[in-house]
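Numbered from 1 within each chain, the chains take letters A, B, ... in sequence-line order. Small disclaimer: the values here were computed from a predicted structure and weren't measured. Below, all heavy atoms of this structure are taken into account, side chains as well, without hydrogens, waters or symmetry copies.
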2 protein chains.
Amino acid sequence: MAQRKTNRTTISDVAALAGVSVSAVSKIVNGKGSFPEATRARVLWAADRLRWSPSAAAVALRGAKTRAIGMVVNRAPDLLNADPHFALLIAGMESELAPRDYGLLLHIVGEHPEAEERAYRRLADERRVDAVVLTESRVNDPRAALLRDLRMPAVLIGTPWRTHPIPAVEAADREQGMKDAVDHLVDLGHRRIAYVSGPEDRVHTGHRRRTFTDRLHHHGLLPSHTLASDFAARTTGAAVTQMLLDDSPPTAIVFANDMMALAGISAARRLGRDVPGDLSVVGHDDLPLGQLLHPQLTTIRQDLDHMGRAAALSLLRHLGEEDTPPPPTVTPPQLIIRESTAKAR
Amino acid sequence: MAQRKTNRTTISDVAALAGVSVSAVSKIVNGKGSFPEATRARVLWAADRLRWSPSAAAVALRGAKTRAIGMVVNRAPDLLNADPHFALLIAGMESELAPRDYGLLLHIVGEHPEAEERAYRRLADERRVDAVVLTESRVNDPRAALLRDLRMPAVLIGTPWRTHPIPAVEAADREQGMKDAVDHLVDLGHRRIAYVSGPEDRVHTGHRRRTFTDRLHHHGLLPSHTLASDFAARTTGAAVTQMLLDDSPPTAIVFANDMMALAGISAARRLGRDVPGDLSVVGHDDLPLGQLLHPQLTTIRQDLDHMGRAAALSLLRHLGEEDTPPPPTVTPPQLIIRESTAKAR
DNA sequence: CTGAAAGCGCTAACAA
DNA sequence: TTGTTAGCGCTTTCAG
């Protein structure tokens, strides 16, 4: 049994060193009262010398604000690993949170609804965070009711639910990228264009497919095929294989993200199809990866960094954090034309 | 000003509902004293009915344990985004932390030493976490002294420092993969083999390069080229271009990670070199990505999931957490032979 | 303008 | 066996 008395330096140590009361220290550090400059300086000096920062626990206990934001990611580890999507979102949030001394409490749960619910409940019941960031709204998303129930402030990155309005950050014109992609393919002479979407339970899956279909209609065309995939390479590959072996296979495929596009290209090649010679491919997200591929990936760029930032700022404002600038507008999804799309033969 | 009195349910609400004292609730919930089964049951029922969990802040304030682990990642967002390495590490940690009700507080700072130091200091001074996980030990790593200074328990994922011993998780035989890779290339008839390493400040950079060089010696060979790169695609591409334009260019290159290998392949192709026809390539990590490339990537697999798990368990044991199994052994780096390596011409 | 004192929700001595 | 109580470190009235 070590004698390890923690002996943490506390506010009273600072007060003692500065020769003032603890309440004076508290007020000065938090910029509350008005004190003679000499006192202020001495207190600040003492705090600095003792390397003192207020204990997060004590502050939280007193004021019920933890200065932490929660995020629970419900994607299986291997998919997470495969898809850097979240990392940039998180980095974007961090770049706004860190300078304001907010922390980010991260939980990665698999796609287990119970684990996910448990994670949110713990965050709320244990008062570990002041608010949470949600990503990827789902259809009949249990989180909507759950968070209302938990009275947990939240902002959603993605398409808000109809039934449970919630503050959300979304690109300004979320349909633009998809429209441009369809136009681009039609311009190249493609007439049989397919869409491989993400899982059906994501709200944006339906949205994007609808935009895709509508834009084809606009050109007097019908979707060649539309198939849903989870995000896994295997499933995506199977979907593409199936399409390509069809009697009238598509000459172009739009994918719901870049990793799926890559899996699609891989599957097409296994069938001996050349990209973009036999098949044009469009991705979604514009991961840096896309520029290293051969052919370089034509894709719909999402401004993930700004989405993360905007979500963080939106939350901070909601929490009454002062000096928080308004969330930046998020650049609309933008078609980046590279080498994976070419004239239809 | 809303009247929003928080009105959180507290331990005394539970005590009242169960008709016992608060200390009884505390003890029963924490499995401390011995109580008649009837009392236990009533308390547990009440806690459940009120959906009560102890406030993390109060527990932390009282006992000085926060049940949270910190991690600060010092890689630039775009590199983070490009390289899924960290995501799997984090997922591995989470799978051990979450079931034990531990949280993971994540900070992503760029490669700014001051920001990094500040992040660790805040974690410690504000007592936000009980311990931290470090990754990628660096040469003259300021974190070693800093954490000792801060008296912050820590475990390192990677090669420990000589000068500042610290608990570390590392693969059992960390040289195996590299040796096998060199052997494999030599077997294929390669004689001019190069190595593109990560940044020189990483401890493992020197280690791996030494293993590479030593193993070549074992075969009576000298490294064709060794170049350091940061993790960025541009730098890596430039390094490869330089090597390939040399008078006696390498016929095979080993890279410090898969993303760099991909950047290398891309650069080689831009020069009109075929992989693996003109140049064999070996990566490191075995990201799922590697199997989707053409050619599929030959790589040295790292058991990132187990590294994350082991780090978490090691920390939990150190923190005196009961019922924590010993950290699993981490599978040694293993050469996975796929299509990006072929006979030297 | 400054300081004393009352808790925030919880745990662990100490009493009963 | 169970309950009472004194803080953990901080903020914030409320007196001085």
Side-chain angles (χ1 to χ4, degrees), chain A residues 1 4-43 46-47 50-67 101 122 124-128 130 320, chain B residues 1 4-43 46-47 50-67 101 122 124-128 130 320:
Chain A
M1 273 304 108
R4 199 153 45 86
K5 281 233 27 167
T6 305
N7 248 100
R8 180 180 175 8
T9 75
T10 78
I11 193 173
S12 24
D13 299 327
V14 178
L17 178 58
V20 297
S21 75
V22 291
S23 62
V25 175
S26 172
K27 282 172 194 153
I28 288 173
V29 167
N30 294 302
K32 286 291 168 60
S34 65
F35 289 80
E37 189 47 39
T39 313
R40 272 183 51 77
R42 225 172 44 258
V43 165
L50 263 31
R51 287 248 175 73
W52 173 81
S53 316
S55 142
V59 173
L61 182 53
R62 190 60 187 62
K65 35 184 34 234
T66 60
R67 298 186 83 83
D101 280 1
R122 287 216 314 122
D125 294 344
E126 300 181 3
R127 283 279 190 281
R128 270 182 187 271
D130 296 330
Chain B
M1 269 319 96
R4 199 153 46 85
K5 284 240 8 177
T6 305
N7 249 102
R8 175 174 176 18
T9 76
T10 77
I11 193 173
S12 24
D13 299 327
V14 177
L17 179 57
V20 296
S21 75
V22 290
S23 66
V25 176
S26 172
K27 283 173 194 153
I28 287 174
V29 166
N30 294 301
K32 287 292 169 61
S34 65
F35 290 80
E37 190 46 40
T39 315
R40 274 182 52 78
R42 227 172 43 257
V43 166
L50 262 32
R51 284 248 175 75
W52 173 82
S53 318
S55 143
V59 173
L61 183 53
R62 191 60 186 59
K65 34 181 40 231
T66 60
R67 298 188 83 83
D101 279 1
R122 286 218 311 123
D125 294 345
E126 299 182 1
R127 284 281 189 280
R128 272 183 185 271
D130 296 330

(message) From the set C:dT11, D:dC10, D:dG3, return the single nucleotide nearest to any side-chain atom of A:Ile11.
(response) D:dC10
(message) Determine whether a donor-acceptor pair (N or O, by modelled atom type, separation under 3.5 Å) exists between the side chain of B:Arg42 and the backbone of B:Ala18.
(response) yes
(request) Output the single nucleotide from C:dG7, C:dG9, C:dC10 whose closest atom is nearest the side chain of B:Pro54. (result) C:dC10
(message) By nearest atom, which of the nucleotides C:dG9, D:dT2, D:dG9 is closest to the B:Thr10 side chain?
(response) C:dG9
(request) Rounded to the nearest angstrom, tell me the gap between atom CG in B:Leu61 and atom P in D:dC10. (result) 9 Å
(request) Let me know the distance between CZ of A:Arg62 and C1' of D:dG7, rounded to the nearest Å. (result) 15 Å
(request) Round to the nearest Å and state the distance from B:Arg127 atom CZ to D:dC10 atom C1'. (result) 15 Å
(request) Figure out the CZ/C1' separation between A:Arg42 and C:dT2, and round it to whole Å. (result) 12 Å
(request) Measure from the side-chain N and O atoms of B:Asp130 to the backbone N and O of B:Thr66, and report whether any donor-acceptor pair falls under 3.5 Å. (result) yes
(request) Indicate yes or no: does B:Asp101 engage B:Arg67 in a salt bridge with an N to O separation below 4.0 Å. (result) no
(request) Please figure out whether B:Ala58 or B:Val22 has its closest DNA chain D nucleotide nearer the 5' end. (result) B:Val22
(request) Report the nucleotide, chosen from C:dT2, C:dT11, D:dC10, that has the shortest atom-to-atom distance to any side-chain atom of B:Ser26. (result) C:dT11
(message) Side chain of A:Ser23, heavy atoms from C-beta onward: which of C:dA4, D:dT11, C:dC1 has the nearest atom to it?
(response) C:dA4
(request) May I ask you to say what A:Lys27 touches in the nucleic acid, namely base, sugar-phosphate or nothing, with a heavy-atom cut-off under 4.0 Å? (result) base
(request) Establish, with yes or no, whether the OP1 or OP2 oxygen of D:dG9 is under 4.0 angstrom from a side-chain nitrogen or oxygen of A:Ser55. (result) no
(message) Is there a side-chain contact between B:Val20 and B:Val25 in this structure, where contact means two heavy atoms from C-beta onward sitting under 4.5 Å apart?
(response) yes
(request) Calculate the interatomic distance between A:Ile28 atom CD1 and D:dC10 atom P; express it in whole Å. (result) 15 Å
(request) Measure from NZ on A:Lys32 to C1' on C:dC1 and round the result to the nearest Å. (result) 17 Å
(request) Mind calculating the distance between CG (A:Asn30) and P (C:dT2) to the nearest angstrom? (result) 16 Å
(request) Check whether any side-chain heavy atom of A:Val29 sits under 4.5 Å from a side-chain heavy atom of A:Trp52, and report yes or no. (result) yes
(request) May I have the distance from A:Arg67 (atom CZ) to D:dT11 (atom P), rounded to whole angstrom? (result) 11 Å
